[in-house]
Q: 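Can you read through this structure? Questions will come right after.
Residue numbers begin at 1 in each chain, while the letters A, B, ... track the order of the sequences. Since the structure is predicted, the reported quantities are computational estimates derived from the model, not experimental observations.
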2 protein chains.
Amino acid sequence: MVDNYTGKTRERPYLKAVQKLRHAGLRPTRQRLALAKLLFDGPNRHVTAESLHEESARANINVALATVYNSLHQFTDAGLLREVVVSPGQTYFDTNVSDHYHYFLEKEGCLEDIPEGLVGIDRLPEEPAGKKFSRIDIIIHVTENS
Amino acid sequence: MVDNYTGKTRERPYLKAVQKLRHAGLRPTRQRLALAKLLFDGPNRHVTAESLHEESARANINVALATVYNSLHQFTDAGLLREVVVSPGQTYFDTNVSDHYHYFLEKEGCLEDIPEGLVGIDRLPEEPAGKKFSRIDIIIHVTENS
DNA sequence: ATAGTTGCAAAAGTTTTGCATTGTA
DNA sequence: TACAATGCAAAACTTTTGCAACTAT
């Protein structure tokens, strides 16, 4: 793609996203690139399918909600995102895929990472023979004080 | 209600459920009594709205699925049940309302209580001023070993 | 009687699927 | 050109709501 004004290539701004998708084995299509740019350019984020879809619309990116869902799940399967379920109909996707836990702020209805080291687990059950613990989710629900 | 054969009252089998509902401030209606009996007569259970609805149908209890949802939420608000969300579209209700955590068995798609004392938390963040931690959810996902 | 409560059909959300279209080799 | 992958409309689920019918006082 060549910029109409400068004549220079405009691939650069998408380079990181392209490489990230390629590396994950996902074709860097127009829709996926746009979503990846929103998700991964900048600090860690917590989005829902709906919120990302709205954000895309605001940025004049035309993507169906179903495509947002599909892309989020593809990104998750590829290890680029982590899925966090808070309550029925509130599935978040977290760009921080390292081991960590979450606050859920009931009033604001949003997720926040708990900084590393603030929660300590000093005892866990044994993994039963032939099984393993694939994942440990901890969500601390935070409410306003009565 | 009087038994056709013995002429004796048949309230007795529902007494516990009636009292439980009354104490929770819920009118002991036919539907709620039937669901309460399924839920609270016997050992602790983990049900979904759908599973409880099927169970009711099998027991020849006529309840709409919406009523099952409403009743489960009323029971939950009254403190008789605890809601546990595992993944989108998988909301369980647990008759064990004490503080405890859960295994989620991915293969079977079912929840199990983690026996008390097996998980130890030795460090927690401070509650921010004016806020409190209303609840701490821990779910350990258990998968078959590769 | 009647004020408040309840149960459920219908509506509203949320998520997934099937297939025409597109993109790649 | 053929083959696989993609994007999205439509379908499928899950959950909530509004109101007619019912209940307890």
Side-chain angles (χ1 to χ4, degrees), chain A residues 1 11 14 17-18 21-38 46-57 60-78 80-81 83-93 109 111, chain B residues 1 11 14 17-19 21-39 46-57 60-78 80-81 83-93 109 111:
Chain A
M1 186 203 285
E11 292 291 329
Y14 290 90
V18 170
L21 292 179
R22 279 243 154 79
H23 191 260
L26 294 169
R27 279 196 206 163
T29 63
R30 192 178 61 74
Q31 286 87 338
R32 297 218 273 232
L33 271 175
L35 296 177
K37 222 167 133 37
L38 290 176
H46 300 93
V47 303
T48 63
E50 190 59 45
S51 79
L52 187 59
H53 184 236
E54 277 168 20
E55 196 179 336
S56 307
N60 285 324
I61 299 162
N62 208 268
V63 198
L65 179 57
T67 300
V68 175
Y69 270 101
N70 289 343
S71 301
L72 287 173
H73 285 136
Q74 288 154 358
F75 291 178
T76 301
D77 293 344
L80 305 179
L81 290 177
E83 200 173 3
V84 184
V85 179
V86 176
S87 56
Q90 291 201 282
T91 307
Y92 288 82
F93 292 86
L111 271 191
Chain B
M1 187 202 285
E11 292 290 329
Y14 289 91
V18 169
Q19 286 172 342
L21 291 180
R22 280 244 153 79
H23 191 260
L26 295 167
R27 280 196 206 165
T29 63
R30 190 178 61 76
Q31 284 86 340
R32 296 219 272 231
L33 270 176
L35 296 177
K37 224 167 133 38
L38 290 176
L39 288 170
H46 299 92
V47 303
T48 62
E50 190 59 46
S51 79
L52 187 60
H53 183 235
E54 277 167 21
E55 196 179 336
S56 307
N60 285 324
I61 299 163
N62 207 269
V63 198
L65 179 57
T67 300
V68 175
Y69 271 101
N70 289 342
S71 301
L72 287 173
H73 284 135
Q74 289 153 358
F75 291 179
T76 302
D77 293 344
L80 305 179
L81 290 177
E83 199 173 2
V84 184
V85 179
V86 176
S87 56
Q90 290 201 282
T91 306
Y92 288 82
F93 293 86
L111 270 192

Q: Hey, which of these two, A:T91 or B:N70, hits DNA chain C nearer its 5' end, going by closest nucleotide?
A: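 The 5'-side residue here is B:N70.
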Q: Atom CG of B:L35 to atom P of C:dG7: distance rounded to whole Å?
A: 9 Å
Q: Do the side-chain N or O atoms of A:Y69 get closer than 4.0 angstrom to the phosphate oxygens (OP1, OP2) of C:dT15?
A: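 Result: yes.
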Q: Using atom CG of A:L21 as one end and atom P of D:dG7 as the other, report the distance to the nearest whole Å.
A: 11 Å
Q: Ignoring hydrogens and geometry, is there a side-chain-to-backbone donor-acceptor pair from A:S87 to A:Q90 under 3.5 Å?
A: no
Q: Rounded off to whole Å, could you give me the CG-to-P distance for the B:L72 and D:dT15 pair?
A: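 From B:L72 CG to D:dT15 P: 10 Å.
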Q: Using whole Å, report how far NE2 of B:H53 lies from P of D:dC13.
A: 15 Å
Q: Given atom CG of A:L52 and atom P of C:dT15, what is their separation to the nearest angstrom?
A: 13 Å
Q: Please determine whether side-chain contact (heavy atoms from CB on, under 4.5 Å) holds for the pair A:E55 and A:L52, giving the CA-CA distance in whole Å, both sets of side-chain angles, and the decisive distance to 0.1 Å.
A: CA-CA 5 Å; A:E55 196 179 336; A:L52 187 59; 4.1 Å; yes
Q: Can B:V84 and B:H46 be said to form a side-chain contact (heavy atoms from CB on, under 4.5 Å), step by step?
A: CA-CA 9 Å; B:V84 184; B:H46 299 92; 5.7 Å; no
Q: Take the protein atom CD of A:Q90 and the nucleotide atom P of C:dT15, then report the distance between them rounded to whole Å.
A: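 My rounded result for the distance is 10 Å.
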Q: Of the options C:dT24, D:dT15, D:dT16, whose atoms approach the side-chain atoms of A:R27 most closely?
A: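 Nucleotide nearest to A:R27's side chain: C:dT24.
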Q: Do the non-hydrogen side-chain atoms of B:R27 and B:L21 ever get within less than 4.5 Å of each other?
A: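 When only atoms from C-beta onward are counted, B:L21 and B:R27 do not touch, as no gap falls below 4.5 Å.
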Q: Which nucleotide sits closest to the side chain of A:A64: D:dC8, C:dG4, C:dG7?
A: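 From the listed options, D:dC8 comes nearest.
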Q: Nearest to the side chain of A:E50, heavy atoms from C-beta on, is which of C:dT14, C:dT15, D:dA9?
A: C:dT14
Q: Spell out, as yes or no, whether a donor-acceptor pair under 3.5 Å connects the side chain of A:H53 to the backbone of A:V63.
A: yes
Q: A:R22 has an atom CZ; how far is it from atom C1' of D:dA5, in whole Å?
A: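 My rounded result for the distance is 14 Å.
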Q: What nucleotide, of D:dT6, C:dT15, D:dT15, holds the atom closest to the side chain of A:R32?
A: D:dT6
Q: Can you tell which of D:dG7, C:dT16, D:dT6 lies closest to the side chain of A:Q31?
A: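 Within the option list, the nearest is D:dG7.
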Q: Mapping A:G89 and A:L26 onto DNA chain D by nearest heavy atom, which one lands closer to the 5' end?
A: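 Its nearest nucleotide being more 5', the pick is A:L26.
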Q: In whole Å, what is the span from the CD atom of B:Q74 to the C1' atom of C:dT5?
A: 9 Å
Q: Is B:T67 touching bases, backbone alone, or none of the nucleic acid, heavy atoms closer than 4.0 Å?
A: base
Q: With the side chain of B:T29 defined as its heavy atoms from C-beta on, choose the nearest nucleotide among C:dG7, C:dA9, D:dA9.
A: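 Of the candidates, C:dG7 comes closest.
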